[in-house]
Number of protein chains: 2
Amino acid sequence: MARSSTALHEQLLAAALRLFVQHGFRGTSLADIAAEVGCSKASLLYHFSNKEAILGELLLPVGKEMVALDARLADLEGDAAVRAGITGLVDLTVRFRQEIKVLFDNMADATALREADMEGLDGVGHRLVGVLAGGSSDPFDRVAATMALGGMFLTGGGQLEMDEETLREAMTISALRTLGRTPG
Amino acid sequence: MARSSTALHEQLLAAALRLFVQHGFRGTSLADIAAEVGCSKASLLYHFSNKEAILGELLLPVGKEMVALDARLADLEGDAAVRAGITGLVDLTVRFRQEIKVLFDNMADATALREADMEGLDGVGHRLVGVLAGGSSDPFDRVAATMALGGMFLTGGGQLEMDEETLREAMTISALRTLGRTPG
DNA sequence: AGAATAGCTGTCCGATCGGTCAGATCTGAC
DNA sequence: GTCAGATCTGACCGATCGGACAGCTATTCT
């Protein structure tokens with residue numbers, strides 16, 4: 001077979017993601033990942049320089065998109081910012097269900113992300129809460145914003161099996177409600 | 001000093017909780033916990049038969065109260081069940097902020113809980129979603145319920161520093177909104 | 001055909017981890 | 001004082017982990 005090597009690389013990534021979601025980063029050994037795809041541990045370390053590199057390659061796309069969303073929201077204000085924030089977060093959540101769970105579980109371990117150009121990722125959580133709270137620093141608004149944000153992440157990471165369209169709509173409307181805003 | 005031994009026992013529990021929240025169960029070593037309170041690893045293992053026993057002693061109270069809440073809700077129906085569910089969850093979340101985070105991070109590892117009389121804990125999450133969804137199996141309702149539930153757990157586990165009364169009120173109202181219900 | 005390169009593996013290593021154990025120290029009861 | 005039991009500790013052990021390395025194989029290029 002011609003490009004079976006590249007195939008293995010992505011098989012390993014998929015297996016790692018699966019195992020990281022199930023057992024956590026620290027709860028998954030290199031041997032586990034290798035065994036999942038039926039290759040040797042040494043072969044795994046041929047494709048990835050070390051364990052953190054797997055995590056990095058897995059989370060870099062999500063991280064980049066979160067930072068991009070964050071930057072996009074910085075130009076907006078008030079109601080427009082809140083709605084754009086929810087739309088963007090719902091989109092991210094639906095597209096990267098498992099990755100987001102892994103990302104937030106292992107934020108502290110993901111040194112690889114910070115060693116990339118991802119320093120911007122650190123404060124993104126707090127800034128998103130700020131946006132969803134409509135810029136308000138009122139405790140009530142911030143709790144609502146944190147709940148909307150947390151709920152989306154947990155719903156996305158959860159094993160809810162339903163068609164993407166319904167999930168998007170349900171998450172959007174529920175989040176708007178949590179923030180005390182009417183849909184539309 | 002008289003009962004310094006009992007004091008050490010609880011110092012160890014507090015240190016373990018702190019470290020489990022920060023670095024996770026697997027990311028915390030027995031040596032870390034012992035060092036945090038300045039005693040030897042062997043002394044730690046004198047107070048707790050093994051690492052899981054620490055987790056168990058830390059999570060058993062929360063687990064019991066979650067099962068108790070679950071049982072209490074089983075007798076209710078409709079709107080009353082939803083509101084009692086939210087009240088109960090808010091109460092639990094406020095009282096056991098950190099423990100809940102640890103509980104959900106390490107549900108799979110917490111064999112100790114299942115070895116206690118806590119088998120009832122397994123399905124409690126799904127049942128609570130069912131209650132908050134008002135018994136409905138509509139996908140929309142279940143997403144909203146999951147978001148309200150997830151939001152509360154994440155808000156509670158988060159490091160939001162605010163007075164307990166405000167937090168209770170904000171969480172209750174936000175959760176009711178998420179579920180499309182009017183407060184009061 | 002032969003060289004070179006990429007892909008893959010078995011084997012080994014140092015570090016760390018959870019846990020054991022025999023013994024030191026301390027305490028209160030008599 | 002001394003005895004018993006509780007508390008605490010240093011030293012040690014087997015297992016596991018992340019990672020290094022030298023070599024095997026197959027493909028591709030000249």
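Letters A, B, ... are given to chains in the order of the sequence lines, protein chains preceding strands, and every chain is numbered from 1. Note: hydrogens, waters and symmetry copies are ignored here, and every other heavy atom, side chains too, is used.
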Round to a whole Å and report the spacing from [atom1] of [X] to [atom2] of [N].
X	N	atom1	atom2	value
A:Leu44	C:dG10	CG	C1'	15 Å
B:Ile54	C:dG18	CD1	P	9 Å
B:Leu12	D:dT7	CG	P	13 Å
A:Ile33	D:dT16	CD1	P	17 Å
A:His23	D:dC17	NE2	P	12 Å
B:Lys51	D:dA15	NZ	C1'	15 Å
A:His9	C:dC8	NE2	P	11 Å
A:Leu45	D:dG18	CG	C1'	7 Å

A:Thr28 side chain vs A:Leu19 backbone, donor-acceptor pair below 3.5 Å: yes
Donor/acceptor link under 3.5 angstrom from A:Lys41 side chain onto base of D:dG19: yes
Phosphate OP1/OP2 of D:dC8: any B:His47 side-chain N/O under 4.0 Å: yes
Given DNA chain D, 5'-ward residue of the pair A:Thr28 and B:Tyr46, judged by closest heavy atom: B:Tyr46
First of A:Ala42 and B:Ala42 reached from the 5' end of DNA chain D, by closest nucleotide: B:Ala42
Modelled atom types, side-chain donor and acceptor of B:His47 and B:Glu57, under 3.5 Å: no
Per B:Ser43 side chain, nearest of listed nucleotides D:dG19, D:dT9, D:dC17: D:dT9
Listed nucleotide nearest any side-chain atom of A:Ser29, set C:dT9, C:dG18, D:dG18: D:dG18
Candidates B:Leu44, B:Leu30, B:Leu45, B:Ile33 - the one meeting side chain to side chain contact (heavy atoms under 4.5 Å, CB included) with B:Lys51: B:Leu30
Identified side chain to side chain contact (heavy atoms under 4.5 Å, CB included) counterpart of B:Leu176 within the set B:Thr178, B:Thr172, B:Ile173: B:Thr172
Verdict with supporting geometry, B:Val67 and B:Val124, side chain to side chain contact (heavy atoms under 4.5 Å, CB included): CA-CA 7 Å; B:Val67 173; B:Val124 72; 5.6 Å; no
